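A, B, ... follow the sequence lines: proteins, then strands. Residue 1 opens every chain. Note that the structure is a prediction, hence the values are computed from the model and not measured.
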Amino acid sequence: MDLPKNYEFSEVERRWQDTWREEDNYFDPASTKPKYIIDTPPPYPTGTFHIGNAFNWCYIDFIARYRRMRQFNVMFPQGWDCHGLPTEVKVEEIHGITKNDVPREEFRKMCRELTLSNIEKMRGTLRRMAFSVDWSHEYITMLPAYYGKTQLSFLRMLAGGYIYQSEHPVNFCTRCETAIAFAEVAYEPRETTLNYFDFDGLEIATTRPELLAACVAVAVHPEDERYFGMAGRMLSVPLFGHKVPLITDPAVDPAFGSGAVMICTFGDKQDVHWWKQHNLDLRKAIDRQGRMTGIAGDYAGMKSSECRKAILDDMKRAQILTRQEVLEQRVGTCWRCKTPIEIMSERQWFVKIDPDAIMKAAREITWNPEHMFLRMENWVSQMEWDWCISRQRIFATPIPVWFCSRCNEMIVPAEEDLPIDPTTSGPSHPCPKCGSTEFVGEEDVLDTWMDSSISVLNVTGWDGTSMPHLFPAELRPQGHDIIRTWAFYSILRSVALTGSRPWDQILINGMVLGEDGFKMSKSRGNIISPEDIIEKYGADALRQWAAAGAATGSDIMFNWNDVIAASRFQTKIWNIARFVLLQLGRRPYSRDAPIEAPADRWLMARLSGTVREVTDAMEACQFDRALKSLREFAWDVLADNYIELVKGRLYSDEKERDGACRALHATLDTLCRLMAPFTPYFAEECYSHLGKGSVHACTWPEPGQQDPDGLAYGDLLVRIVAELRRYKHEKGLALNAPMGRVAVFSSPITDDGGDAGRALNAAFEWHEEPPKLEKVPGDLKFNMAVIGPKLRKDAGAFMKAARALPRDLQENPPETLDIDGRTIAVPEGAFSLEYRYLEAGEQVDVISVGGVIVTIHTIP
RNA sequence: GGGCCCGUGGUCUAGUCGGUUAUGACGUCGCCCUUACACGGCGGAGGUCGCCGGUUCGAAUCCGGCCGGGCCCA
């Protein structure tokens, strides 16, 4: 059957998309094959599957397809991490409302509808990318089937003592009006002023004058002589007048500002630390909306920024503001909206963090690349507070508890009643403590990471009662940007709920940068979408870019050149396949023919080596190495060397062509399989022309038997042909021009069955005996680059004199030479004697290839 | 300030627990439309492997210092 001249990726990719059956990618619960469970990241359904996602998913799909071919029972589930602020904001924007304008349930419904339509759009991209997702294991965190499990996990951890409620300082975003966890705080550089002012006779420097009302102490270093003997004194807070103590603490930096710092509740984490350590008062100066509270007196109701300005003005007026310095600082902001966070004490829900247990589990996991483990270690080692999991938002999993209106007893639902929304339904029994039937449902909802951090439990079949039967998963693939969140929380939750590590291996991928080397962003205009690339060069080319563009784990720059090179590689293989199938079909050949010609043995040996290399690389998730090895084999070994070498034999009708046919058939078959994980459409299309069903249902190839002799002979043969090509090139001969007799003197003999002779259009002879060569001096070769500048107008006479020299002096030039009665120095390297070789009296050119002598009898 | 990663021909990049001539792609120069492919073939040019020092018979690779870039965290 003839292959079309051109490979039309758009037609081919569309056709296979329509042909492939979803069920072929399903995990089979009844299978006896070893399981391979992937804890796929559930993306946030923004409506676009961006290139960073595509990059991440390419790695996952390479592994999923490879493992299936290695006869694993693979689960490649697809989740959607739906809850969260961005969708709430989008809904407010679309409907022109704010979340408080409509009932909570109606707002949630709007969020769900938007999310579902976004998911549908993203599913389309996943399909076009040929990601072999198991759609029977899709999960959507906002649907009852999933968030029921989130609630169940909450109740389990509550019962296990991992979750507690407490009034404790938390990071708070006043724009989102919710508490957030440390993992959600992003630090941004900012220029601010350090303000020095008189504090009841003491000079204080502060960056947060607006917190003056929340001042609860002034601290100095215990060894700071400026403040000796002052500890314990009560100071009057300027403008407000309340009294605060002067305390000492070694954590105060005497070199910063005036060496005296005011402690407020709360300016930063350090304040919290001191507040706890010294049992200080709590003064809340800022409320949830970021406005000043009643204790701020005249400033109450102002936004903190307004208050800051007003207080500084009042300090100036009172002449206590002494000076201001510009200061570079890093301010904690909400990672979603970049609003500076406040630290405020609130009643919130927390998950206890046990760093030792988490690290123990983290160490049991194989980290790839290894150094990414350090990020986890660093993050865990500096945890100070527990994980704040309550949020004051709407579109999220409700915290499933009620409080008795009479005695404030906490009531939890029965597990079989989950999922519930405690704000719309009540408990099924009266309060067990006081018998009351009046309850208040918890309005706080859960941090979105509480949903996604049980993804692995969900896909491994957790039902709350036991160790999930598919647990732990084999693989967690994810980006390095969410190690401190998703990876950390997932390990924490697995340890808390099952007592063991969630996965055997974690594979970390890098971030995708724009073509200009910067992070992709709208403002830079360097965003490339997967759809753009698929449109122009096809999904397979994009997948190849993901594999070959960077070493696993490092960040990758998007690069059109790499995509184009990938698509050219496909074209090249397409043409190889066309040629091979044309030759195979041209005339029947024996399927039992021995593969014994040196070229054929060489091809099989190199193929075998390639299978070994690619397999090793796949096992180590080194996709760049795998694809590189494949490209080198297909392009260099197969196309440029092997096929060029055996073309003549294939064109012939001799029975020797059968070995080449067999070798080519086996090679094409194996090549398709090796490429299948990377270019599923292309490999399928090529393989379909071999007429043996889907390549994705095939087993992964095994390397053939080692054949070191075949490899060595073949390498020599290929090198000889390459050297002779170079020779022809230097002689200005076309590659197919006749070149007379070529004799190769090698031991043991490596007669190639005529391949090299046909390829070079030469009469090849193979000799075991060494050649009988006679070395005779030839012409003198002058180096004009030396002679010209040194001798100038004497050059002509110099050369004449040199030619006239006796042989031995031509071989070993004298120091001086006489020209026209003058003696002149012979410049270093002015000339050298060339030699000619005679074989049986006939002049030959001689080249040496790895110690093997090749003589060429040129046609006169 | 701490931790981690990186610095390789014009550009991007592989190699980094030591060992012939440093990988590939793009670009570039010359020749060739040879019955698979000009989206191709053949041949070439182009590298002080960031800088300095050390270990070693031998360093892009190991150690120390410095310079520059990035990420994560205070």
Mind calculating the distance between CG (D624(A)) and P (rU16(B)) to the nearest angstrom? 11 Å
Rounded C1' spacing from rG65(B) to rG46(B) in Å: 32 Å
From the candidates rU13(B), rA36(B), rA14(B), the one with an atom nearest any side-chain atom of M557(A) is rU13(B)
Rounded distance in Å between the C1' positions of rC72(B) and rU11(B): 29 Å
Check ion pair K269(A)-E384(A) (N to O, under 4.0 angstrom): yes
Measure from the side chain of K269(A), starting at C-beta and using heavy atoms only, and say which of rA74(B), rC37(B), rC4(B) lies closest. rA74(B)
Categorize I483(A) for me: base, sugar-phosphate, or nothing, with a 4.0 angstrom heavy-atom threshold over every strand shown. nothing
From the candidates rC72(B), rA36(B), rA25(B), the one with an atom nearest any side-chain atom of I576(A) is rA36(B)
Give me the distance, rounded to whole Å, that separates rC57(B) from rU13(B) when you measure between the C1' atoms they each carry. 32 Å
Tell me whether R524(A) forms a cation-pi arrangement with F518(A), defined as NZ or CZ under 6.0 Å from the six-membered ring centre and within 45 degrees of its axis. yes
Measure the distance from CZ on F182(A) to C1' on rA74(B) and round it to the nearest whole Å. 11 Å
Say you pick atom P in rA59(B) and the same atom in rG41(B); how far apart are they, in whole Å? 38 Å
Separation of atom CG in N378(A) from atom C1' in rG1(B), rounded to whole Å: 14 Å
Looking only at atom P, what distance separates rA45(B) and rG10(B), rounded to whole Å? 16 Å
Measure CG/N559(A) against C1'/rG27(B) and give the value in whole Å, please. 12 Å
Report the distance from atom CZ of R330(A) to atom C1' of rA74(B), rounded to the nearest whole Å. 9 Å
Y59(A) vs F62(A) aromatic rings, parallel, tilted or perpendicular, using cut-offs 30° and 60°? tilted
Would E723(A) and R726(A) count as a salt bridge (charged side-chain N to carboxylate O under 4.0 Å, His left out) here? Give the steps. CA-CA 5 Å; E723(A) 283 301 325; R726(A) 193 168 297 123; 2.8 Å; yes
Rounded interatomic separation in angstrom, taking CG from D516(A) and P from rG69(B): 18 Å
As a test of understanding, state which of N561(A), D540(A), V563(A), I564(A) forms a side-chain contact (heavy atoms from CB on, under 4.5 Å) with W545(A). V563(A)
Closest to side chain of R568(A), choosing from rC39(B), rA14(B), rC4(B): rC39(B)
Is there a side-chain polar atom (N or O) of Y187(A) under 4.0 Å from OP1 or OP2 of rA74(B)? yes
Please test D600(A) against R657(A) for salt bridge (charged side-chain N to carboxylate O under 4.0 Å, His left out), starting from the C-alpha separation and ending with a verdict. CA-CA 10 Å; D600(A) 301 343; R657(A) 80 182 277 279; over 6 Å; no
P-based separation of rG19(B) from rC63(B) [nearest Å]: 14 Å
note: L630(A), atom CG; rG24(B), atom P; distance rounded to Å ~ 16 Å
Relative to the 5' end of RNA chain B, which residue comes earlier, R631(A) or I643(A), by the nucleotide with the nearest heavy atom? R631(A)
Strand RNA chain B as a dot-bracket string - pairs counted if Watson-Crick or G-U with both distances under 3.5 Å, | where the partner lies in another strand: (((((((..(((......[....))).(((((.......))))).....(((((..]....)))))))))))).
Please state the C1' separation for the pair rG27(B) and rC17(B) - nearest whole angstrom. 36 Å
Parallel, tilted or perpendicular: which describes the rings of Y7(A) and W574(A), with under 30° parallel and over 60° perpendicular? tilted
When you check the side-chain N and O atoms of R568(A) and Q570(A), is any donor under 3.5 Å from an acceptor? no
I'd like the P distance from rC71(B) over to rG53(B), given in whole Å. 32 Å
Identify each atom pair where a protein N or O and an N or O of nucleotides 41-45 of chain B are less than 3.5 Å apart, giving names and distance.
residue	atom	partner	partner atom	Å
rG41(B)	OP1	K572(A)	NZ	3.2
rG41(B)	OP1	W635(A)	NE1	2.4
rG43(B)	O3'	R726(A)	NE	3.3
rG43(B)	O2'	H729(A)	ND1	3.4
rG44(B)	OP1	R726(A)	NE	3.1

Want to settle it: does E384(A) or K5(A) sit nearer the 5' end of RNA chain B, counting the closest nucleotide to each? K5(A)
Could you walk me through whether E654(A) and R649(A) satisfy the salt bridge (charged side-chain N to carboxylate O under 4.0 Å, His left out) test, starting with their C-alpha distance in whole Å, then the side-chain angles of each, then the deciding distance to 0.1 Å, before giving a yes or no? CA-CA 8 Å; E654(A) 312 290 321; R649(A) 181 145 52 98; over 6 Å; no
Please give, in whole Å, the distance from rA36(B) P to Q570(A) CD? 22 Å
Indicate whether the side chain of D447(A) and that of W387(A) have a donor and an acceptor atom separated by less than 3.5 Å. yes
Strictly below 4.0 Å: does K647(A) bring a side-chain N or O up to OP1 or OP2 of rA36(B)? yes
Within residues 369-380 of chain A or reaching into it, pairs that qualify as side-chain hydrogen bond (donor to acceptor under 3.5 Å, both in side chains) - sequence neighbours excluded: R375(A)-H480(A)
